[in-house]
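Here the structure comes first, spelled out in C-alpha cells, and everything after it is commentary.
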Number of protein chains: 2
Amino acid sequence: MTTVASKTYSIKELADEFGVTPRTLRHYEDQGLLLPERQGQNRIYSGADHARLAWILRGKRVGFSLQEVGEMLDLYDVGDGRETQRAVTIERCRDRIDALEAQRDDINATIDELQEFCELLANLKKNRKTGTWVRRDTGEPLGVYAPRKTA
Amino acid sequence: MTTVASKTYSIKELADEFGVTPRTLRHYEDQGLLLPERQGQNRIYSGADHARLAWILRGKRVGFSLQEVGEMLDLYDVGDGRETQRAVTIERCRDRIDALEAQRDDINATIDELQEFCELLANLKKNRKTGTWVRRDTGEPLGVYAPRKTA
DNA sequence: TAGGTAGTTGACGTTAACGTTAACGTCAAG
DNA sequence: CTTGACGTTAACGTTAACGTCAACTACCTA
C-alpha cells in the first residue's frame with residue numbers, strides 16, 4: 001500500500017489560483033476558516049483546504065460574511081454526531097437554503113427590472129419637436145424614478 | 001385641475017416601514033442616494049423616494065455596495081440624453097445583468113450543495129459496530145470536507 | 001410651564017475584511 | 001556572499017456602513 005501524496009499548495013500558489021492575496025488566506029486562518037498544516041513555520045495547504053477556500057469565496061460572492069461562511073462550514077462538522085446536534089444542523093441548513101432562495105428572488109427581481117429598463121432605453125428615441133426622449137413604440141415619455149438633482 | 005397630494009413620509013415613517021433607522025436614511029442622503037424635499041428643516045419623503053429606497057435595500061441584499069447601488073440608480077438618469085451617454089448606460093446595464101446572473105449561478109450552486117448535504121444528513125444513521133455515522137442507503141461513511149480541528 | 005415625542009446637525013465610535021509596513025528567517029542563483 | 005523571491009509574526013491603517021452620543025429646535029399636551 002503506497003501513500004498517495006495528494007496535491008498540496010504553498011500559500012502563494014493557492015492565493016494566486018483564487019485571485020486573492022496571501023494576507024487574505026492568513027486572515028481566513030485567523031478567523032478559523034482554514035487550518036493548513038505546517039512544515040516548520042510554513043503553511044502547507046491540502047486539497048481539502050483548496051475545497052474549503054472555494055466554498056469560502058463563493059460564500060463571500062453570494063454576500064455572506066466570513067462568520068456566516070464559518071457557520072456554514074461548521075455544518076459539515078458532525079464530528080461528535082449526537083442526534084440532537086444533527087437535528088439542529090439539518091434545521092440550520094434548511095434555514096440557510098431558505099435565505100438563499102429569498103436572495104435569489106431578489107436577484108431575479110433586480111435582473112428583471114434592469115432588463116426592462118435596458119430594453120426601454122434601447123427602444124428610446126428623441127422627439128423632434130420637444131427634444132425630449134420618448135419610447136419608439138408608444139411615444140410615451142421617459143419616467144422611471146425621479147432623477148437625482150445633481151447638486 | 002386639483003393638485004393630487006401624493007403620499008409622503010416622515011423620516012421615521014419611512015424608516016420603520018423598511019425596518020431601518022432614520023440614521024440610515026440620513027446616511028443614504030449623505031451618499032447621494034436619496035434627496036428628500038424639506039419643510040423647513042425636516043425631511044419629507046415622496047413616493048419616488050420610497051421606490052428608490054426599495055431599490056437601494058434590495059441592491060444591498062443582493063450584495064452591492066452603496067456606491068454600486070448609486071451607480072445603478074444613476075443609470076436611470078438619462079437627463080442630458082446624449083446618444084453616446086445612452087449607449088454607455090445600456091452597456092453598463094447589461095454588465096450589471098451579467099454579474100447578477102453569475103451571482104445567481106453561485107447561489108444555485110450553494111443551494112444545491114447545501115441541499116445535498118442536508119439530505120445526506122437526514123439519511124444518516126449510526127453504525128452499531130463502529131459507532132460511526134454511515135449513509136442509510138449505501139452504508140458509505142460520512143466525509144465531505146475535512147473537519148476543522150476545534151483547537 | 002414642564003414633559004414628552006420627533007426632528008435636526010455635527011462628530012466620534014465600531015465592526016468587518018482585509019491592506020500595509022516593519023522586522024526578520026530561508027534558500028537557490030549568480 | 002549578497003540579491004531576490006518567498007515565507008513568517010506583529011501591529012497599525014483603511015474603508016464602508018452605519019451606531020451612538022451630544023446639543024439643540026419645534027410642537028403638543030397635561
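Chain A is the first sequence line, chain B the second, and so forth, proteins listed ahead of strands; every chain is numbered from 1. Excluded from the calculations below are hydrogen atoms, water molecules and symmetry mates; all remaining heavy atoms, backbone and side chain alike, are included.
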Point to revise | Side chain Arg61(B), main chain Gln103(A), donor-acceptor under 3.5 Å | key: no

Exercise for review: Round to the nearest Å and state the distance from Asn42(B) atom CG to dT5(C) atom P.
Suggested key: 18 Å

Exercise for review: Go through Thr110(B) and Glu113(B) one step at a time and tell me if the side-chain contact (heavy atoms from CB on, under 4.5 Å) criterion holds.
Suggested key: CA-CA 5 Å; Thr110(B) 307; Glu113(B) 235 171 300; 5.8 Å; no

Exercise for review: Tell me what Arg26(A) touches on the nucleic acid: a base, only sugar-phosphate, or nothing, going by heavy atoms under 4.0 Å.
Suggested key: base

Practice item. Give me the first and last nucleotide of DNA chain D, going 5' to 3', that has any atom under 4.0 Å from a heavy atom of chain B. Key: dA17(D) to dT20(D)

Point to revise | Most 5' of Arg38(A) and Thr21(B) on DNA chain D, judged by nearest nucleotide | key: Arg38(A)

Exercise for review: Considering only NZ, NE, NH1 and NH2 on the basic side and carboxylate oxygens on the acidic side, decide whether Glu29(A) and Arg43(A) come within less than 4.0 Å.
Suggested key: yes

Practice item. Examine distances only and state if a side-chain atom of Asp49(A) and a backbone atom of Ser46(A) form a donor-acceptor pair shorter than 3.5 Å. Key: yes

Exercise for review: Determine, for Lys7(A) against Glu17(A), whether the closest basic-nitrogen to carboxylate-oxygen distance falls under 4.0 angstrom.
Suggested key: no

